[in-house]
> 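Quick one: the structure is below, and I'll ask about it shortly.
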Amino acid sequence: MNHVLEVKNVCKFFQLGKTKMFGEQILLKAVNDVSFKLYEGETLGIIGESGCGKSTLGRCIVNLYNTTSGQIFYNEPKGEINLTQASERVRQYHRRNIQIIFQDPFASLNPRINIFETIAEPLIVNGFRKEEINQRVAEIIEEVGLRKEHLRRFPHSFSGGQRQRIGIARALVVGPKIVICDEAVSALDVSVQAQIINLLKKLQEKNKFTYIFISHDMSVINHICDRIAVMYAGKIVEIGEKKDVLKYPKHPYTEALIGAIPKLTNRKNKIKRKSLAGEPPDLTSNMGGCYLFDRCSYKSSECKEMLNELLNTEISNHKSSCIKRNEVELTGL
Amino acid sequence: MKNKLDLLEIIDLEVNFHLDEGLVKALKGVSFSLGTNETLGVIGESGSGKSVTAQSILGILPQPPSIIRKGEILYDTGKERLNLLELDEESYRKIKWKDISIIFQEPMSSFSPLHSIGDQISEALITHYQGMDIKEVLDKCYETLSKVGIPQPKKFFERYPHEFSGGMRQRAMIAMAIICNPRILIADEPTTALDVTIEAQILELLDQLRNELNMSMIYITHDLTVVSDIADRIVVMYLGTIVETGSVEEVIDHPVHPYTKALLRSIPRIEHSEEELQPISGSIPSPFEVFPGCPFYSRCEERIEGLCNIENPVAKSLNKDHSYVCHLK
């Protein structure tokens, strides 16, 4: 399969100011040397806990943040375009191919403009003609399950689920190839969450989108994704096909994430949830070796010297950064 | 359930909010009871009135805009049964934090940023046990902090809320809630703002503390999977009413109310990822809307026109620990 996007050694560091007047600049390494390829038509899930850099990575890909270093290639039939080094005009042009859906449906819509203007805005920016704008907006609003008469209303008159549909319409109206869903269902009520998941799946089938689905919820990721990348402390620690990652995890952190998923049980046949001790590391400190070292129960002295690179495992297309990936027996689902 | 004396009983509680936009009936006659040493899971989506219930028990509902229209909250002190809604402020204060305490959802916004963790944790202790000298207070605080799994309690005591991660702050919140050995602990979405691995830690801690301290717990959440993990009994709420209640086994394995059934089908479950999710159609009605009949009517798959949208359903009980409010069956 062809890849549509390649992320190569991308880093995003934030400067946090200084400790003392002439002290050193503190750097927060939000995304630290991340590389992966995104294949056409697939859904790649990026899972991790808060502060692991998954949203920052998504925002780097849609160009909302400039990367500190590394390259992002967008693959067109005509050839590869390096989005990080291209001129502003080229970047602007390709922005329409990569769109994002945000988490909070209450904060991501402008309360002062109506729904038509909200959805039409990306089209105006991209220089579409007036008739085409009207036609596209009318089409997309029905595709996401709202009605034409909603277009004249303002965001405050919609519920959370409806607002999220508007956010989806705004992202899809320019006809992107890649859609990044940044925690797109996390803020919704459970009964509405399933509607949006099914809508995203339906739209993908129809329009052949490629999704990057960023979430902290393994059950949601499991439902919608083909491949999973697990992030921890700014790095991808494991990446592979969904069933391989969930059934045969090759990194202790993935095992812990799977073990922590709440399951619908009752007290009689209660399965004890495994919890990982401790908390994620401080991303401003200079760490050597494995970032999970303090929390891992399989650690040994070699782990302190490892390089945090993704390495092949016995399963094809399944990589893990754990040096003991082939030695320890990890339990999956 | 194992026969338990009712420690807390809520009878037909009705709460209204008078807002600029109109009247919201937040609770429309809610009744349930909490037994000794029991964990009751209250589950509902936004607007179901689950947090309003918790706030009415503790007497911290903002009044106005809210008004408790009717109902009773009976609390068994061991000597007598008090109606909490009739207590004056002074006697209420004697119960708050000492007999009944609460953990809030957002550990960051529920602590004062201006006072050290220690000051805030010890406050309840100092208020309730005025004869205690400073050394006893400190010892009790250190002991409680280590009980909730904080590694260096003495250091922690001096520091401020912003210096800690969400998980640590939530542990401090729990320490504050259990420091007076309350009999009832209300946990209002205590893990919603936390990551999964931390959530698992906190749930385990709460369960362990409940056993250790012989507490009863009301656990409020929107997450059915979390409730199934921690509760003995479940109360399912929708738009200010209770639609189904029963033991975890009964409600999860044999749900009766269409809302509970639909909710169970719509959550993504890790065990069955291949099945398509079956969402509940429509969305939760606006709280300002007033309509007769069953609150779930507009979204219900099994509704009976001419009955469900006209008449209010009444509670029916299936067996000793399972009842529901619906016209069906």
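First the proteins, then the strands, lettered A, B, ... as listed; each starts at 1.
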> Residues of residues 47-57 of chain A under 4.5 Å from chain B (heavy atom pairs)?
E49(A), S50(A)
> Is L263(B) close to chain A through its backbone or its side chain, or both, or neither, when contacts mean heavy atoms under 4.5 Å?
side chain
> Sequence neighbours excluded, which residues qualify as salt bridge (Lys or Arg N to Asp or Glu O under 4.0 Å) partners of R159(B)?
E163(B)
> Between I198(B) and chain A, which part of the residue has a heavy atom less than 4.5 Å away: side chain, backbone, both or neither?
both
> Using non-hydrogen atoms only, which part of R299(B) is less than 4.5 Å away from chain A: side chain, backbone, both, or neither?
side chain
> For chain B, which of N198(A), V190(A), V192(A) has the most heavy-atom pairs under 4.5 Å?
N198(A)
> Any donor-acceptor pair under 3.5 Å linking the side chain of K50(B) with the backbone of G44(B)?
yes
> Any luck finding a side-chain donor-acceptor pair between Q208(B) and E204(B) under 3.5 Å?
no
> Do D223(B) and T221(B) have side-chain N/O donor and acceptor atoms under 3.5 Å apart?
no
> Using non-hydrogen atoms and a limit below 4.5 Å, what part of residues 225-234 of chain A faces chain B?
none
> Could you tell me whether the side chains of S323(B) and E244(B) share a donor-acceptor contact shorter than 3.5 Å?
no
> Do you know which of P280(A), A194(A), G161(A) has the most heavy-atom pairs with chain B at a distance under 4.5 angstrom?
A194(A)
> Using the side chain to side chain contact (heavy atoms under 4.5 Å, CB included) rule, pick out the option among L206(B), D207(B), L40(B) that qualifies with Y219(B).
L206(B)
> Answer yes or no: is there an ion pair linking E250(B) with R233(B), defined by an N-O contact shorter than 4.0 Å?
no
> When you compare the side chains of Q278(B) and S266(B), does any donor N or O come within less than 3.5 Å of an acceptor on the partner?
no
> Quick check against the 3.5 Å criterion: does K250(A) have a side-chain atom that pairs as donor or acceptor with the backbone of E238(A)?
no
> Which residues pass the side chain to side chain donor-acceptor pair (under 3.5 Å) test with Q193(A), sequence neighbours left out?
none
> Are the charged groups of E143(A) and K206(A) less than 4.0 angstrom apart, N to O?
yes
> So how far is it from T118(A) OG1 to R163(A) CZ, rounded to the nearest 0.5 Å?
11.0 Å
